[in-house]
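Atom set for the values below is all heavy atoms of this structure, side chains included, hydrogens, waters and symmetry mates excluded. Proteins get letters first, then strands, A, B, ... in listed order; numbering begins at 1 in each.
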Amino acid sequence: MTPEKQLELLTSDAVNMVLREELLEKLKRGRPLRVKYGADPSAPDLHLGHSVPLRRLRKFQELGHRIVFIIGDFTGRIGDPSGRSKTRPMLSEEQIRANAKTYAEQVGKILDVSQCEIAYNSEWFGKMDAADLLRLTSHYTVARMLERDDFAKRLAEESPIAVLELLYPLVQGYDSVAVRADVEVGGTDQLFNLLVGRDIMRAYGLEPQVVLTWPLLVGIDGTEKMSKSLGNYVGIAESPGEMFGKLMSIPDDLLPQYLQLLLEWPAEKVREALEAVEAGQVNPRDLKDEMAREIVATYHGEDAAQEASEEFRRVFSQRELPSEMPDVEVAAEDLTNGAIWIIKLVRAAGFAPSNSEARRLVQQGGVRINDEPIKDDTASVVVKTGDVLKVGRRRFGRIVIKE
RNA sequence: GGAGGGGUGCCCGAGUGGUCAAUGGGAGCGGACUGUAAAUCCGUCGGCGUAUGCCUACGCAGGUUCAAAUCCUGCCCCCUCCA
């Protein structure tokens, strides 16, 4: 494949490319490129947002380039300084190893991990002494550091910035020196860090890495970027049903972005699909269904995707019972004349964190037994094994009386 | 080191002695509607076995008062400016 063709394939949908000519030049040399991708060693829960750059990494891989994963265990052990999140507990060596392993497993759903190089940045930072660190910090200025978007913002809104945080871009940049990266990829929020990497590499006499960033996927709430802490994510490791349901729950106007970034569809196809919806020829529900099926299929296979789609239709369109539901165990001794207080039943199922919450659910008509709404929160209901408890639209449980 | 500002429920943010479990917004949750777990509308949103009731809560610890998120004292933390 010609370098020009590779370039096109590798950088489609990229928001930033610094610099195009440099990448082309590197590709023309014909040797495999070292492509760096940084990973947080905290409990990994990769989601579709991560999959955007990861899917591009796969393309690099398919073209014979080398992916280098950096596990930030050095930085992770210090604790995460990034903004609002409280100080995280320091991670132990075992935790980091375990997290890295889980991480690799999840990444493995997208990439061929056996072909990747995995490096822990404690390998080099552990050996660095204070003088080395000072040398590193001398290569950058405070003014330039504060240009960074989120620092500038926090400065403006009078939020604290720890000195440690100023060091982060430098540390991350030094990783590029250590692994001699040709390219580093990430979300657009990483642009600054990645660019610092270029400067640091230059300062250490290396050819600067090429920087590529892709858009941050908007979460299923339709407003914030997808992130674990905001709870608006679709995890790569989630069950087909969860994945499918969450994808169906995205606001309709998020479709364009999802189609473009998460599917292999050519731009033309995306455009046509959206036009069909726009023209009223296709129900957005159906396009979403198609998208969700395709995404689920990439992580769980065609069959699982098809099944998830049918299940969704069954439960939400036709209001039927799901094919499988968890058991709700009720101890026989908790029954009085075969009946149990409705609140207690909802709690037993784990469908409410407190009695008050359970009470609310009942009062609002969200609790049903065998499709029969129970609206009196003082009621006791007669239950037997096999009865179905439904709370809200999507929580189901099959009651099992335990002697 | 000096001067000033600030810490409120999951988040943002009102409230400056009682009428405050605490306005409002967001998120979440429930209902209606729907070929969507979409949009929209309505409701709800500390806890307690069923309560015109009780408990806990407005950075922490004390105090004043019949009564405090609101006043006083000490402490902790954050921010701004000056040095």
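Closest-nucleotide positions on RNA chain B for A/Pro251 and A/Leu361 were compared, and the one nearer the 5' end corresponds to A/Leu361. Take the nearest nucleotide of RNA chain B for A/Val391 and for A/Ile250: the residue whose nucleotide is more 5' is A/Val391.
Between B/A3 and B/U73, the two P atoms lie 15 Å apart (nearest whole Å). Taking atom C1' in both B/G5 and B/A67, one finds a spacing of 30 Å when rounded to whole Å. Comparing B/U16 with B/C72, their C1' atoms are spaced 14 Å from each other, to the whole Å. With C1' as the reference atom, B/A69 and B/C20 are 9 Å apart, rounded to whole Å. Nucleotides B/G7 and B/U64, compared at atom P, are 26 Å apart to the nearest Å. The same atom, C1', is picked in B/A68 and in B/A22; the two are 13 Å apart, to the nearest Å. Between the P atoms of B/U56 and B/C42, the separation comes to 37 Å (whole Å). The same atom, C1', is picked in B/C79 and in B/A32; the two are 47 Å apart, to the nearest Å.
Atom pair A/Arg393:CZ and B/G30:C1' shows a separation of 8 Å (rounding to whole Å applied). Straight-line distance from the CG atom of A/Leu254 to the C1' atom of B/U36: 14 Å, rounded to whole Å. To the nearest angstrom, C1' of B/U36 lies 13 Å from CD of A/Gln318. Distance CG (A/Asp252) to P (B/U34): 16 Å, rounded to an integer number of Å. When the P atom of B/G35 is taken as reference, atom CG of A/Asn283 falls 9 Å away, rounded to whole Å. Atom CZ in A/Arg285 sits roughly 18 Å away from atom P in B/C33 (whole-Å rounding). Rounded to whole angstrom, the span from the CE atom of A/Met291 across to the C1' atom of B/U36 amounts to 10 Å. If you take CG of A/Leu255 and C1' of B/A38, they are 9 Å apart, rounded to a whole angstrom.
Each of A/Val113, A/Val107, A/Val68 was checked for a side-chain contact (heavy atoms from CB on, under 4.5 Å) with A/Ile118, and the lone residue meeting it is A/Val113. Each of A/Ile67, A/Leu10, A/Leu27 was evaluated against A/Leu33; a single residue qualifies, A/Leu27, per the side-chain contact (heavy atoms from CB on, under 4.5 Å) test.
Looking at A/Lys26 and A/Asp182, a side-chain N of the basic residue comes within less than 4.0 Å of a carboxylate O on the acidic one, giving a salt bridge.
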Step by step, work out the side chain to side chain contact (heavy atoms under 4.5 Å, CB included) result for A/Tyr204 and A/Leu136.
CA-CA 9 Å; A/Tyr204 282 82; A/Leu136 174 58; 3.7 Å; yes
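Regarding contacts with the backbone of B/A27, every side-chain N or O of A/Thr223 stays at 4.0 angstrom or more from both OP1 and OP2. Considering only side-chain N and O atoms, A/Arg313 lies nowhere under 4.0 angstrom from the phosphate OP1 or OP2 of B/U36.
In this structure A/Asp253 satisfies the salt bridge (Lys or Arg N to Asp or Glu O under 4.0 Å) test with no other residue, sequence neighbours excluded. Every side-chain contact (heavy atoms from CB on, under 4.5 Å) that A/Glu357 has, sequence neighbours left out, goes to A/Ala352, A/Pro353, A/Ser354, A/Arg360, A/Leu361. By the salt bridge (Lys or Arg N to Asp or Glu O under 4.0 Å) test, A/Arg347 pairs with no residue at all, sequence neighbours left out.
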Secondary structure of RNA chain B per the Watson-Crick/G-U criterion (both distances under 3.5 Å; [ ] crossing, | other strand, . unpaired) is ((((((((.[[[..)..(.....]]].(((((.......))))).(((....)))...[[[[[..)....]]]]]))))))).
Donor-acceptor pairs are to be reported for all side-chain atoms of residues 256-263 of chain A against protein atoms at under 3.5 Å, with residues two or more places apart or in another chain.
{"from": "A/Gln257", "atom 1": "OE1", "to": "A/Val218", "atom 2": "N", "distance (Å)": "2.9"}
{"from": "A/Tyr258", "atom 1": "OH", "to": "A/Val218", "atom 2": "O", "distance (Å)": "2.6"}
{"from": "A/Gln260", "atom 1": "NE2", "to": "A/Asp13", "atom 2": "OD1", "distance (Å)": "2.9"}

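A/Asp286 comes within 4.0 angstrom of a base, heavy atoms only. Residue contacts for A/Phe244: at a heavy-atom cut-off of 4.0 Å it reaches no nucleic acid atom on any strand shown. The residue A/Gly245 sits close to a base: some heavy atom pair falls under 4.0 Å. Contact annotation for A/Gly241: base contact, defined as any heavy-atom pair under 4.0 Å involving a base atom.
Among B/U36, B/C33, B/G35, the nucleotide with an atom closest to any side-chain atom of A/Arg319 is B/C33.
Using bins of under 30°, 30° to 60° and over 60° for the plane-to-plane angle, the ring pair A/Tyr37/A/Phe69 lands in the perpendicular bin.
A/Leu335 places a side-chain heavy atom less than 4.5 Å from the side chain of A/Val383.
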Going 5' to 3' through nucleotides 40-52 of chain B and flagging B where a protein heavy-atom sits under 4.0 Å of the base, S where only the sugar-phosphate is that close, and - otherwise, we get ---BSS-SBBBB-
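Side-chain contact, A/Thr213 with A/Gln190: no donor N or O sits under 3.5 Å from an acceptor N or O.
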